[in-house]
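A short write-up of the structure that comes next.
Computation of the quantities below employed the complete heavy-atom set of this structure, encompassing side-chain atoms and omitting hydrogens, waters and symmetry-equivalent molecules. Each residue takes its place number in the sequence, starting with 1.
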Amino acid sequence: MKTQTQHSPGRYELYRDGEPAESEWMDFQIRLYRFGELEQRLERAGFASVTTYRSFDREPAKGDMDEMFLHECSVG
């Protein structure tokens, strides 16, 4: 079953005087949105304008085949 959730395990370590003092394991769960899915939520949250890009060069997103989405939002 596909959940659109990415799991990224990681460990935090605290060192005191160069020696390990504490350690904690984390399972970061990141929700992966499809094209158009997050935009609707941002608009419902009150953003007047939501633009979706596929790169830091501000190239407009075209669909789910894009590797990532960047969202630019404004309130009015």
Side-chain angles (χ1 to χ4, degrees):
M1 178 174 145
K2 294 184 180 183
T3 64
Q4 290 179 237
T5 303
Q6 176 180 332
H7 295 270
S8 298
R11 181 172 69 185
Y12 288 102
E13 294 181 333
L14 173 65
Y15 286 81
R16 289 192 183 103
D17 298 322
E19 298 293 323
E22 296 179 39
S23 179
E24 179 180 352
W25 283 97
M26 299 284 297
D27 179 21
F28 293 100
Q29 297 181 19
I30 301 169
R31 167 87 165 122
L32 303 173
Y33 289 93
R34 290 188 169 95
F35 181 69
E37 197 174 10
L38 186 58
E39 291 84 342
Q40 293 173 4
R41 290 176 182 245
L42 291 169
E43 289 168 359
R44 283 196 308 264
F47 289 101
S49 174
V50 177
T51 306
T52 306
Y53 302 107
R54 62 184 284 171
S55 70
F56 289 106
D57 294 330
R58 298 180 125 192
E59 189 176 340
K62 297 179 182 172
D64 282 332
M65 298 305 292
D66 291 326
E67 291 184 17
M68 68 174 182
F69 301 116
L70 302 169
H71 297 87
E72 179 179 73
C73 307
S74 64
V75 292

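Here the side chain of Q4 pairs a donor or acceptor atom with the backbone of L32 at under 3.5 angstrom.
By the criterion of side-chain heavy atoms lying less than 4.5 angstrom apart, applied directly or through intervening Ile, Leu, Val, Met, Phe, Trp or Tyr residues, V75 is grouped together with L42 in one hydrophobic cluster.
Annotation for M26: atom CE counts as buried by contact number, over 12 foreign heavy atoms lying within 6.0 Å.
Contact between P9 and D27 at its shortest, heavy atoms only, is N-OD1, 4.2 Å. Looking at every heavy atom in both residues, G36 comes nearest to Q40 through O-CG, 3.4 Å. In plain terms, the two heavy atoms of S23 and R11 that are nearest each other are OG-CD, 3.0 Å. Across every non-hydrogen atom of R16 and A21, the tightest pair is NH1-CB, 3.3 Å. The two atoms that bring T3 and R31 nearest to each other are O-NH1, 3.8 Å, heavy atoms only. Residues E39 and R34 approach most closely at OE1-O, 4.5 Å, considering heavy atoms.
Taking CG of L14 as the reference point, atom OH of Y12 lies at 13.0 Å (rounded to 0.5 Å).
F47 is linked by a ring-ring contact (aromatic ring centres under 6.0 Å, His included) to nothing, counting only residues two or more places apart in sequence or in another chain.
The aromatic rings of F69 and F35 sit tilted relative to each other, their planes meeting at an angle between 30° and 60°.
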